[in-house]
Amino acid sequence: PYDYHQFDTQSRVFGAFDDDVCIGALRVVSQAPLIPPVLTDCKVWELQYWQSMGNQFAELATQAVEKPYRHQMVGLMLIRAAYTDARIQGVTAFAFVTEPEYVEYLNNEVHFVCRQIGDIGFKGWECAPYVHVFDEVETKLAATDPDSFNWFTAGVPDELLAVERP
């Protein structure tokens with residue numbers, strides 16, 4: 001529903017493949033030169049704060065996984081790749097737009113920390129903007145599920161993590 005082509009030059013795209021067939025993709029949009037859609041098209045609280053983060057803030061934009069590969073961790077592996085890359089690039093927070101029930105799953109089952117940062121109602125859908133502040137995610141994940149923390153952050157250099165590896 002959204003044309004991200006205007007953000008191509010400030011995007012990083014991650015792909016998942018089964019042999020040479022692409023089965024999933026995830027786009028991360030940085031905050032320059034254009035402000036990402038999550039900040040321009042959503043009613044975001046504390047907008048100036050998020051904008052002031054500059055290159056430390058990015059949007060987890062479009063994510064898609066082919067139906068036969070859904071519920072097989074392909075989406076989570078794409079997020080893991082984007083997270084690792086973002087940490088190395090100096091990003092400290094990812095914003096995204098999704099449904100509140102998905103956030104409950106991420107917070108309660110996956111042990112992430114997703115904070116709502118704006119009103120529900122993106123493009124007429126029952127979605128809202130949320131943010132993962134990396135230090136908060138790592139602190140909670142390490143404390144509640146050390147094995148998942150180690151898997152999720154495996155590619156992140158230790159000195160970039162908010163907490164020591166368990």
- First locate atom CG of D85, then atom CZ of R12, and finally report the distance between them rounded to the nearest 0.5 Å. 4.0 Å

- So, do Q72 and V65 sit near enough that their side-chain heavy atoms are less than 4.5 Å apart? no

- Message: Taking V91 as the starting point, is it possible to reach V97 by hopping between hydrophobic residues whose side chains are less than 4.5 Å apart?
- Response: no

- Looking at L34 and F7, what are the two nearest heavy atoms and their distance? CB-CE2, 3.6 Å

- Taking everything shown except D18 itself, do over 12 heavy atoms lie less than 6.0 Å from its CG? yes

- Just by distance, do the side chain of R165 and the backbone of T153 share a donor-acceptor pair under 3.5 Å? yes

- Task: Decide whether M53 and F94 are clustered together by the hydrophobic rule: side chain heavy atoms of Ile, Leu, Val, Met, Phe, Trp, Tyr closer than 4.5 Å, transitively.
- Result: no

- Query: Pick from F152, Y105, Y102: which one makes a ring-ring contact (aromatic ring centres under 6.0 Å, His included) with F112?
  - Reply: F152

- Message: Distance check, rounded to the nearest 0.5 Å: L60 atom CG versus H132 atom NE2?
- Response: 6.0 Å

- Evaluate the side-chain proximity of Q10 to V29: yes if any heavy-atom separation is below 4.5 Å, no if none is. yes

- Item | Non-hydrogen side-chain atoms of S52 and F57 separated by less than 4.5 Å | no

- Under a 4.5 Å cut-off applied to non-hydrogen side-chain atoms, are V44 and Q51 in contact? no

- Message: How long is the straight-line distance from SG of C42 back to OH of Y130, given to the nearest 0.5 Å?
- Response: 10.5 Å

- With P129, the side chain to side chain contact (heavy atoms under 4.5 Å, CB included) member among I117, T98, L39: I117

- Would you kindly confirm whether V113 and W50 end up in one hydrophobic cluster when ILVMFWY residues are joined by side chain heavy atoms under 4.5 Å apart? no

- Task: Provide the closest heavy-atom pair for Q63 versus L26 in the form atom of the first, atom of the second, distance.
- Result: CB-CD1, 3.6 Å

- For N107 and K140, work out which heavy atoms get closest and say how close. O-NZ, 2.7 Å

- Compare every heavy atom of A128 with every heavy atom of Q116, then report the nearest pair and how far apart it is. NE2-CB, 3.8 Å

- Same cluster or not: are M77 and L106 linked, directly or through other Ile, Leu, Val, Met, Phe, Trp or Tyr residues, by side-chain heavy atoms under 4.5 angstrom apart? yes

- Query: Where does the angle between the aromatic ring planes of Y83 and F134 fall among parallel (under 30°), tilted (30 to 60°) and perpendicular (over 60°)?
  - Reply: tilted

- Message: Check for me, please, whether L78 and M73 land in the same ILVMFWY cluster - side-chain distances under 4.5 Å, paths through other members count.
- Response: yes

- Salt bridge check: are D135 and R87 linked by an N-O gap of less than 4.0 Å? yes

- Query: Heavy-atom distance under 4.5 Å between the side chains of E126 and E99, does that happen here?
  - Reply: no

- R27 to S11 - nearest heavy-atom pair and separation: NH1-OG, 3.0 Å

- Interatomic distance, T84 atom OG1 to I79 atom CD1 [nearest 0.5 angstrom]: 11.5 Å

- Query: Is it the case that more than 12 heavy atoms not belonging to F17 sit under 6.0 Å from its CZ atom?
  - Reply: yes

- Query: With distance as the sole test, does R115 use its side chain to make a donor-acceptor pair with the main-chain N or O of V133 at under 3.5 Å?
  - Reply: no

- Distance, nearest 0.5 Å, that separates CD of Q56 from OG of S30: 13.0 Å

- Message: So which atom in A16 and which in V74 form the shortest heavy-atom distance, rounded to 0.1 Å?
- Response: CB-CG1, 3.7 Å

- Message: Nearest 0.5 Å, please: how far is CG in L160 from OG1 in T92?
- Response: 11.5 Å

